[in-house]
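As the structure lists them, so they are numbered: ligands from 1, and atoms in each ligand from 1.
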Amino acid sequence: MTTLTKTEGEKAPTGPDSFLSVRDLRVRFSTEDGIVKAVDGLSFDVERGKTLGIVGESGSGKSVTNLTVLGLHNPKSTTVEGEILLEGRDLVTAPEKELEKLRGNKVAMIFQDPLTALSPYYTVGRQIAEPYMKHTGASKKEARARAIEMLTKVGIPQPQSRVDDYPHQFSGGMRQRAMIAMALVCDPDLLIADEPTTALDVTVQAQILDLLKELQQEFGTGIIFITHDLGVISDMADDLLVMYSGRAVERGTVREVLRQPKHPYTWGLLSSMPRLGADVSQALNPIPGSPPSLLNPPSGCPFHPRCAFTGEVPGDRCSTERPPLGEGRDAACHLTAEQKQSIFIDTIQPRLR
Ligand code: SF4
């Protein structure tokens with residue numbers, strides 16, 4: 001059952017430029033084995049026209065967070081607490097009808113696999129035109145013209161004729177472009193892109209990322225860009241949130257987090273990335289172990305069973321005390337600022353060269 005934590009319709013202030021403001025979000029699922037804490041006290045903001053990157057391994061809670069923002073969780077088995085403020089309106093308490101109106105209109109999503117979003121039974125043009133008619137009241141003719149306009153914008157050749165093609169007649173890259181056209185047809189204020197280029201080859205991936213940046217400039221859309229690929233994020237995002245075990249463990253501008261990372265998990269993600277021009281004899285440094293169970297997350301810092309630096313923290317704080325994440329630029333870790341800096345310079349930075 002969806003738990004409502006505020007009075008329906010109550011408004012709360014957001015930051016000056018913040019279009020979406022998520023505060024202390026907690027998402028839990030009931031399963032036969034117990035309660036899964038998929039998101040455990042997450043806060044972030046997205047500004048208009050800016051991109052927030054969210055990175056983390058599978059099971060870190062990044063996709064669940066965004067499905068919850070869209071209200072696409074199963075209300076029968078999911079408990080949602082906290083606030084998801086879209087222009088001050090709390091979506092946690094909004095009725096399903098209102099969420100339905102927002103989806104595709106103010107907030108849209110593009111997925112990793114366009115075949116899950118595009119129906120094989122309808123033409124691409126119809127699938128772009130329908131949400132436009134639904135949300136704007138446009139006629140069939142107007143919506144078809146809009147579909148052609150959007151296909152042109154996303155770079156589909158001969159849009160006048162390709163508008164009548166079915167998804168299987170498009171290549172993988174063209175289907176991804178069509179899904180972007182579908183997501184942007186109503187000019188949404190917020191676009192959630194969940195691993196949108198993972199399934200594509202590198203050249204098409206670069207074209208799609210360029211296209212998203214161009215469209216963002218044209219439409220002023222705020223983007224949440226979810227990925228496990230720090231290479232992609234450095235190109236796309238303004239701000240970055242690193243997630244682990246349903247929590248944010250590091251936050252800052254993309255430059256700050258990638259150039260001066262402060263959390264051992266972020267160090268691990270960066271060290272495990274293949275580097276262009278790196279010495280091929282140099283081994284990658286994967287993070288040992290696997291992501292924690294969300295049914296029984298570890299006590300204290302959830303990263304402690306995999307962390308190589310617990311010995312630097314006095315006592316057993318890493319396994320008993322959850323490190324908080326402050327506002328703004330911060331990392332949720334018990335190491336002191338001096339320790340973080342010296343470990344990064346002496347141990348981590350040489351691995352990244
Ligand atoms: Fe590692 Fe301890 Fe920092 Fe967690 S709090 S990241 S276990 S050093």
Side-chain angles (χ1 to χ4, degrees), residues 24-28 36-44 52-62 64-65 226-230 233-234 237 239-273 283-352:
D24 201 21
L25 182 68
R26 290 165 202 273
V27 184
R28 299 199 173 124
V36 172
K37 289 183 182 171
V39 181
D40 192 19
L42 182 68
S43 299
F44 63 85
L52 171 73
I54 303 185
V55 290
E57 295 163 292
S58 335
S60 59
K62 43 194 204 314
V64 173
T65 300
I226 307 166
T227 184
H228 62 274
D229 186 339
L230 285 167
I233 215 72
S234 63
D239 297 308
L240 190 54
L241 194 71
V242 182
M243 283 190 73
Y244 188 77
S245 190
R247 302 169 184 179
V249 294
E250 180 155 9
R251 160 187 330 112
T253 65
V254 78
R255 204 183 158 88
E256 287 167 338
V257 177
L258 296 185
R259 294 209 171 176
Q260 293 275 308
K262 293 180 176 190
H263 196 282
Y265 178 59
T266 316
W267 296 340
L269 288 178
L270 286 165
S271 304
S272 58
M273 248 174 71
L284 294 176
N285 293 285
I287 305 173
S290 29
S293 151
L294 296 173
L295 269 170
N296 285 305
S299 57
C301 170
F303 190 55
H304 85 261
R306 304 172 76 188
C307 183
F309 303 100
T310 51
E312 308 288 330
V313 177
D316 55 3
R317 286 180 76 204
C318 289
S319 57
T320 57
E321 203 182 302
R322 175 177 167 172
L325 183 75
E327 289 290 315
R329 170 79 182 119
D330 200 17
C333 171
H334 293 311
L335 292 167
T336 63
E338 293 73 32
Q339 283 176 312
K340 285 172 190 162
Q341 196 176 7
S342 66
I343 294 173
F344 177 65
I345 291 171
D346 299 339
T347 313
I348 309 300
Q349 216 165 30
R351 290 184 196 158
L352 305 181

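For atom 5 (S) of ligand 1, the nearest non-hydrogen atom of the protein is His334 N, 3.3 Å. Distance from atom 1 (Fe) of ligand 1 to its nearest protein heavy atom, with residue and atom name: Cys307 SG, 2.4 Å.
Under a 4.0 Å criterion applied to the non-hydrogen atoms of Thr310, ligand 1 contributes the atoms 7 (S). The His304 neighbourhood of ligand 1 comprises atoms 7 (S), with distances under 4.0 Å to a heavy atom of that residue. Close approach to His263 involves these atoms of ligand 1, each under 4.0 Å from a residue heavy atom: 6 (S).
For Lys37, the NZ atom counts as loosely surrounded, since its 6.0 Å shell holds 12 or fewer non-hydrogen atoms of other residues, nucleotides or ligands.
Ion pairing of Glu57 with Arg306 is present here, as a side-chain N (NZ or NE/NH1/NH2) and a carboxylate O approach within less than 4.0 Å. Under 4.0 Å is where a charged nitrogen must lie from a carboxylate oxygen, and between Lys262 and Glu256 no such pair does. A salt bridge between Arg255 and Asp239 is absent, with no side-chain N of the basic residue lying under 4.0 Å from a carboxylate O of the acidic one.
At a threshold of 4.5 Å between non-hydrogen side-chain atoms, the residues Leu325 and Val249 do not count as touching.
The aromatic rings of Phe303 and Tyr244 lie perpendicular to each other, with more than 60° between the two planes, well past the 30° mark.
Within the coordination shell of atom 4 (Fe) of ligand 1, defined by N, O or S atoms under 2.8 Å, Cys318 is absent.
Counting heavy atoms under 4.0 Å from ligand 1, residue Cys333 touches it through both backbone and side chain. With a heavy-atom cut-off of 4.0 Å, Glu312 does not touch ligand 1 at all.
Nearest to atom 4 (Fe) of ligand 1 by heavy atom, out of Pro298, Cys301, Pro264, is Cys301.
Contact between Arg317 and ligand 1 is absent, with no heavy atom of the residue lying under 4.0 Å from the ligand.
Taken to the nearest 0.5 Å, the CG atom of Leu240 stands 7.5 Å off from the CG atom of Leu52.
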